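Below: the structure, in structure tokens.
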Amino acid sequence: MGKYIFGTGIITVLITGFSLVRELRDGVFGWRTILAWASWAITLVLAVGAIVDLRRIDKGLPVSPDSPFADEIEASVKKK
């Protein structure tokens with residue numbers, strides 16, 4: 001489980017989240033802050049989606065065709 005939690009995507013989301021919270025406490029809430037939080041939420045969803053795909057691959061389950069890991073799985077199946 002540690003390899004999923006300590007992935008670069010999750011670490012980036014955590015650091016960015018702390019920065020946004022600190023800015024929210026100290027700064028003014030405006031349209032740029034809303035865009036920054038929306039960007040953070042999208043990054044969080046993508047990082048969690050990558051973790052889900054990696055776990056499915058590790059368990060030998062199929063992943064969605066639009067997953068960035070789908071091409072790697074097809075290539076490994078064709079080699080076998």
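Below, all heavy atoms of this structure are taken into account, side chains as well, without hydrogens, waters or symmetry copies. Because the structure is a prediction, the values reported are computed rather than measured.
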Worksheet item: Are I34 and V13 connected in a single hydrophobic cluster, I mean Ile/Leu/Val/Met/Phe/Trp/Tyr linked by side-chain heavy atoms less than 4.5 Å apart?
Response: yes
Worksheet item: Can V21 be reached from I11 by stepping across I, L, V, M, F, W or Y side chains whose heavy atoms are under 4.5 Å apart?
Response: no
Worksheet item: Between L44 and L20, is there a shared hydrophobic cluster once you connect ILVMFWY residues whose side-chain heavy atoms come closer than 4.5 Å?
Response: yes
Worksheet entry | Straight-line distance of I15 CD1 to W40 CH2, nearest 0.5 Å | 13.5 Å
Worksheet item: To the nearest 0.5 Å, what is the distance between CG (L61) and CG (D53)?
Response: 11.0 Å
Worksheet item: What pair of heavy atoms forms the shortest contact from T12 to T16, and how long is it?
Response: O-OG1, 2.7 Å
Worksheet item: Taking a hydrophobic cluster as the set of Ile, Leu, Val, Met, Phe, Trp and Tyr residues connected by side-chain heavy atoms closer than 4.5 Å, whether directly or through intermediates, do V52 and L54 fall within one such cluster?
Response: no
Discussion item. Tell me whether F18 at atom CZ has more than 12 heavy atoms from other residues, nucleotides or ligands lying less than 6.0 Å away.
Written reply: no
